Amino acid sequence: MREFISLICSECRSKNYFTTKNKKIKKDKLQINKYCPKCKKHTLHTEGK
């Protein structure tokens, strides 16, 4: 039941990371602070399509 999702930077809107998520357990959107190589700093990355 795990699905692949992409993590999108909240500032520059670039897709930097890909991960999996269990849709049965986590129904809300995933939000993680990660390093963005385009912005060159840590930013909030949210779940995209």
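For this chain, numbers begin at 1 and follow the sequence in order. Treat the numbers as computed from the prediction; the structure is a model and nothing was measured.
When every heavy atom of C9 is checked against every heavy atom of T43, the shortest pair comes out as SG-OG1, 3.2 Å. Across K29 and K21, no two heavy atoms sit closer than the pair CA-NZ, 4.3 Å. Looking at every heavy atom in both residues, R2 comes nearest to N22 through NH1-CB, 3.7 Å. Of all non-hydrogen atoms in Y17 and Y35, the two that sit nearest each other are OH-O, 2.7 Å.
Rounded to the nearest 0.5 angstrom, E47 CD and Q31 CD are separated by 9.5 Å. Between the OG1 atom of T46 and the NZ atom of K34 there is a distance of 13.0 Å, given to the nearest 0.5 Å. Annotation: the span from R13 atom CZ to K15 atom NZ amounts to 10.5 Å, rounded to 0.5 Å. Rounding to the nearest 0.5 angstrom, the gap separating the NE2 atom in H42 from the SG atom in C36 is 10.5 Å.
Contact annotation: the side chain of L7 never approaches that of N16 to less than 4.5 Å [non-hydrogen atoms, C-beta and beyond].
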